[in-house]
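Both ligands and their constituent atoms are indexed starting at 1 by order of listing.
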Amino acid sequence: MNKPIPTDTGLPRSCHDYAPGLFIGGQWVPGNAIPVVDPATEEVLAQVADATVEHARAAVDAAHAAAEGWSATPPRKRSEILMRCFHLMIERHEELARLITLENGKSLADARGEVTYAAEFFRWYAEEGVRVRGEYQIAPSGNNHIIVEYEPIGICVLITPWNFPAAMATRKIAPALAAGCTVILKPASETPLTAYALATLYRDAGVPDGVVNVITTTKPGPVTAAMLDDARVRKLSFTGSTAVGRTLLAEAARTVVSCSMELGGNAPFIVFDDADLEAALDGAMIAKMRNAGEACTAANRFLVQDGIHDRFVDGLVKRMAALKVGPGLDESVQCGPMITRKAVEKIDALVTDAVSRGAKVLLGGKLLANKGFYYPPTVLTDVSRDAMMTEEEIFGPVAPVYRFSNPDDAVAFANDTEHGLAAYLYTSDVKRGLQLSRRIETGMVGLNRGLVSDAAAPFGGVKQSGLGREGGAHGILEFLEAKYVATTI
Ligand code: NAP
């Protein structure tokens with residue numbers, strides 16, 4: 001367990017010290033080991049504990065024991081604790097960024113951006129938590145006085161993916177705690193160190209024992225089922241693939257647990273002839289290459305109108321070719337490794353399939369020989385709409401370009417997917433952009449912007465990209481229940 005940390009990480013502690021066990025009721029609880037692999041080197045960084053069903057039940061017990069005290073804590077006091085979480089994240093910014101890069105592989109610039117974004121959820125919900133209002137109304141009949149109060153929903157199970165190890169956790173924990181709920185977080189087994197480092201940070205900020213519990217496991221199915229089957233658990237907030245989301249929705253039905261689902265995407269990035277070319281290219285690089293393409297909001301299909309197509313493709317190839325691929329801890333690298341060997345193989349299979357259906361490879365498209373899970377920045381044109389990558393998330397640095405002439409065809413193609421998370425539109429005509437954005441079936445649209453994530457905005461999808469919203473004023477409502485009192489005053 002005590003493998004010394006690689007010396008060139010800039011981290012003050014060994015990886016093991018960030019995660020000495022499961023974090024249950026404020027204690028570090030030992031368990032069997034799960035290896036955490038550095039995707040840049042394929043070396044094992046640390047072993048984290050592997051929770052059993054019994055550990056999961058103990059975590060629910062701990063969350064239950066803390067629930068009454070936390071929900072009765074005055075909102076102002078909760079808010080002050082959340083604000084301390086924000087300040088501690090900013091204080092430990094560089095350390096957290098390096099830890100994210102180490103276990104996830106993303107570039108340091110991306111990791112630093114993630115820590116800032118993740119910390120913002122604490123600041124935002126420290127501010128929102130003291131402004132939860134009730135409602136009062138006299139019924140139209142005049143007989144009934146309607147009083148509505150908002151109560152914490154209860155114990156929450158939070159499950160997060162590996163692509164944003166800090167932000168996906170704080171986007172759930174901050175509003176849950178602001179609402180007065182206690183939680184059990186199950187982070188992805190590829191990137192648990194950040195989640196455990198943050199558990200220590202919450203304790204340092206004054207979050208009472210048992211309010212946040214963190215468990216990792218190699219048996220996510222049975223461990224989650226054990227928690228959902230406990231009648232005290234009333235909320236499941238999941239971020240991950242649509243396939244696992246579907247399974248969890250069925251599991252949650254057994255005890256009728258409230259579900260928020262942030263699932264997969266298949267974002268179209270539509271460039272119209274009248275777009276500002278440089279702005280569209282800037283946006284394309286962010287929408288495609290943030291996190292080396294490993295983002296649910298990543299541009300998955302570039303739809304480019306005839307008149308600007310060739311100039312856009314030229315610019316995209318130049319910019320993608322200029323990216324340096326390598327270990328994320330190297331400051332000069334913009335494109336780190338993918339999360340696993342399996343992820344690289346999936347990307348390669350999608351590219352091979354597209355090429356077999358006529359796609360032209362203008363850049364990249366070939367596996368790299370280095371150690372580590374690398375895939376090169378790749379640009380494909382003439383991609384067939386039948387290619388597998390047209391419907392599947394690529395989740396890597398591959399930009400497929402599709403040409404269109406007629407805007408109605410572009411909208412129909414953009415909507416021709418079971419997903420509906422994010423879309424990007426580039427046009428100089430903002431009125432037209434707003435009109436088109438209403439016709440696009442997604443929860444979020446970037447209009448002349450390649451980035452939609454913002455702690456102050458409602459993040460989420462329609463269709464099979466999810467249920468509910470995270471962030472903004474909406475995010476806290478996912479962790480509150482309306483209590484209606486009927487009275488005659
Ligand atoms: P994933 O395979 O669905 O895993 C997500 C989480 O679910 C992990 O913690 C995983 O644990 C856990 N899990 C897997 N099977 C489970 C089960 N049967 N019961 C309970 N938990 C289970 O997704 P991923 O590969 O980590 O993440 C990539 C996906 O997340 C992409 O589809 C991406 O679009 C989506 N995503 C969506 C958003 C959004 O906001 N909409 C944001 C980020 C990512 P283990 O790691 O232990 O398997």
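In terms of the side chain to side chain donor-acceptor pair (under 3.5 Å) criterion, residue partners of Y196 (sequence neighbours excluded) are, by chain and number, T216. Applying the side chain to side chain donor-acceptor pair (under 3.5 Å) rule to S260 yields the partners K235, E478; only residues at least two apart in sequence or on another chain are considered. With sequence neighbours left out, D416 forms a salt bridge (charged side-chain N to carboxylate O under 4.0 Å, His left out) with no residue at all.
More than 12 non-hydrogen atoms from other residues, nucleotides or ligands lie less than 6.0 angstrom from NE2 of H93.
Listed by chain and residue number, the protein contacts of ligand 1 are I159, T160, P161, W162, N163, M168, R171, K186, P187, A188, S189, E190, T217, P220, G221, T224, F238, T239, G240, S241, V244, L248, E262, L263, G264, G265, C296, E393, F395, L421, F459 (heavy atom within 4.0 angstrom).
Counted by atom type alone, T390 and Y402 present one or more donor-acceptor pairs between their side chains at under 3.5 Å.
Looking only at distances, a side-chain donor or acceptor of E103 sits under 3.5 Å from a matching main-chain atom of L193.
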